[in-house]
Amino acid sequence: MNEDIKKVLLTQEEIVNRIQEMGKELAADYAGKELVVVVLLKGAAWFATDLTRAIDLPMRVEFMVASSYGNGTSTSGNVKVKLDISENITGKHVLLIDDIIDSGITFAAISDMLRQHKPASLKTVALCDKAERRVNGLDADYVGFKIPDEFVVGYGLDYAGDYRNLPYIGILKPSVYARK
Ligand code: IMP
Ligand code: MG
């Protein structure tokens with residue numbers, strides 16, 4: 001897989017260290033609150049397993065599968081839920097976790113859906129943020145890394161389903177797009 005990567009943007013060490021910091025910040029912010037984290041599968045699974053273990057608080061963990069992407073490299077804008085949360089979040093403090101915020105469409109759409117359950121609060125966290133690409137002015141409440149407008153893979157992030165298990169985040173070689 002490494003030969004398909006043009007450049008390593010974030011090393012495993014940088015990612016792990018930053019997630020530890022984020023965990024401490026979140027633990028301070030959510031102390032004493034009934035916390036439910038909602039993990040957007042598949043991409044956020046890698047980030048979320050590290051982040052939740054870095055938050056030293058009681059919490060519930062829920063998973064959602066949403067899709068809008070198909071196999072391309074930008075969002076279709078039409079977010080569909082394929083697997084929904086299974087526990088009641090009404091009155092709970094909800095933290096929505098994704099691997100990356102790009103256009104912002106996914107967070108906007110899923111946040112709207114979760115708000116219908118009337119949580120006590122709803123915040124978002126993304127490991128990476130491509131702020132230049134935002135279409136809706138929405139920002140994540142917690143961000144691991146601001147990154148440039150390049151298509152990245154690894155640490156859960158995929159291209160057409162591949163590369164999620166890379167232990168770092170890297171920029172894919174353009175020749176890979178031409179091949180698939
Ligand atoms: P948004 O809805 O445009 O904000 O995109 C969020 C979703 O797009 C994430 O859950 C990712 O699955 C996907 N995505 C956006 N940018 C990238 C990227 O550079 N690499 C891999 N997936 C990405
Ligand atoms: Mg994805």
Side-chain angles (χ1 to χ4, degrees), residues 1-23 26 37-52 54 63-83 95-114 123-180:
M1 287 191 294
N2 296 306
E3 64 275 9
D4 292 345
I5 303 302
K6 185 168 83 178
K7 184 183 166 199
V8 175
L9 202 61
L10 300 166
T11 66
Q12 184 170 14
E13 196 188 355
E14 287 172 316
I15 296 167
V16 168
N17 289 341
R18 179 68 185 120
I19 293 175
Q20 293 307 312
E21 282 178 10
M22 296 174 84
L26 286 160
V37 307
V38 176
V39 182
L40 288 178
L41 298 178
K42 300 173 187 169
W46 286 259
F47 173 42
T49 54
D50 287 345
L51 184 65
T52 53
F63 297 98
M64 283 179 88
V65 177
S67 72
S68 70
Y69 242 61
N71 281 347
T73 58
S74 67
T75 195
S76 70
N78 185 11
V79 180
K80 288 207 178 76
V81 172
K82 293 184 167 176
L83 174 80
L95 186 62
L96 178 61
I97 305 183
D98 205 357
D99 48 11
I100 191 166
I101 174 168
D102 182 31
S103 69
I105 290 170
T106 305
F107 266 160
I110 303 294
S111 296
D112 280 349
M113 294 175 203
L114 292 175
K123 288 192 172 179
T124 53
V125 51
L127 180 58
C128 295
D129 179 0
K130 283 198 253 182
E132 292 166 52
R133 302 245 313 163
R134 209 78 83 249
V135 297
N136 56 10
L138 186 126
D139 273 326
D141 295 294
Y142 300 89
V143 166
F145 300 94
K146 291 224 190 283
I147 65 166
D149 180 10
E150 302 252 26
F151 196 77
V152 291
V153 293
Y155 224 85
L157 291 151
D158 71 301
Y159 172 62
D162 291 328
Y163 307 101
R164 292 192 199 276
N165 62 319
L166 281 177
Y168 56 84
I169 291 177
I171 300 168
L172 205 54
K173 282 184 186 162
S175 56
V176 177
Y177 305 113
R179 199 164 72 209
K180 290 196 181 170

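The structure displayed is predicted, hence computed values, not measured ones. Counting from 1, the numbers follow the sequence of the chain as shown.
In terms of heavy-atom proximity, Val125 sits nearest to Phe47 at CG2-CZ, 4.0 Å. Taking every heavy atom of both residues into account, Gly156 and Asp99 meet most closely at O-OD2, 4.1 Å. Met113 approaches Val79 most closely through the heavy-atom pair CE-O, 4.1 Å. Shown here for Leu9 and Pro148, the closest heavy-atom pair between the two residues is CD2-CD, 4.2 Å. Looking at every heavy atom in both residues, Ala54 comes nearest to Gln20 through CB-OE1, 3.8 Å.
Considering only heavy atoms from C-beta on, Tyr142 comes within 4.5 Å of Leu95 through its side chain. Leu51 has its side chain within reach of Leu26: a pair of non-hydrogen atoms, C-beta onward, lies under 4.5 Å apart. Looking only at side-chain heavy atoms (C-beta outward), Ile101 and Asp139 stay at 4.5 Å or farther from each other. Looking only at side-chain heavy atoms (C-beta outward), Leu40 and Met64 come within less than 4.5 Å of each other. For the pair Arg134 and Asn136, the minimum side-chain heavy-atom distance is below 4.5 Å. Proximity of Phe145 to Leu127: side-chain heavy atoms (C-beta onward) are separated by under 4.5 Å at one or more points. Residues Tyr155 and Ile19 form a side-chain contact, since some pair of their non-hydrogen atoms from C-beta on lies under 4.5 Å apart. No side-chain heavy atom of Glu150 sits less than 4.5 Å from a side-chain heavy atom of Lys7.
The CZ atom of Arg133 sits 9.5 Å away from atom CD1 of Ile105, with the distance rounded to the nearest 0.5 Å. Considering CD1 of Ile5 and CG of Leu166, their distance stands at 5.0 Å, rounded to 0.5 Å. For the atom pair CG of Asp158 and CZ of Phe151, the computed distance is 6.5 Å after rounding to the nearest 0.5 Å. Between the CD atom in Gln12 and the CG atom in Asn17 there is a gap of 10.5 Å [rounded to 0.5 Å]. Expressed to the nearest 0.5 Å, how far OG1 of Thr106 lies from CG of Asp98 amounts to 6.0 Å. Put simply, OH on Tyr163 and CD1 on Ile169 are 15.5 Å apart, with the number rounded to the nearest 0.5 Å.
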One pair to check against salt bridge (Lys or Arg N to Asp or Glu O under 4.0 Å): Asp4 and Lys173. What are the steps and the verdict? CA-CA 6 Å; Asp4 292 345; Lys173 282 184 186 162; 6.0 Å; no
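None of Val8, Val152, Ile147 except one satisfies the side-chain contact (heavy atoms from CB on, under 4.5 Å) rule with Ile171; the exception is Val152.
Looking only at distances, no side-chain donor or acceptor of Lys6 sits under 3.5 Å from a matching main-chain atom of Pro174. Although no hydrogens or angles enter the test, the distance criterion places no donor-acceptor pair under 3.5 Å between the side chain of Thr124 and the main chain of Leu96.
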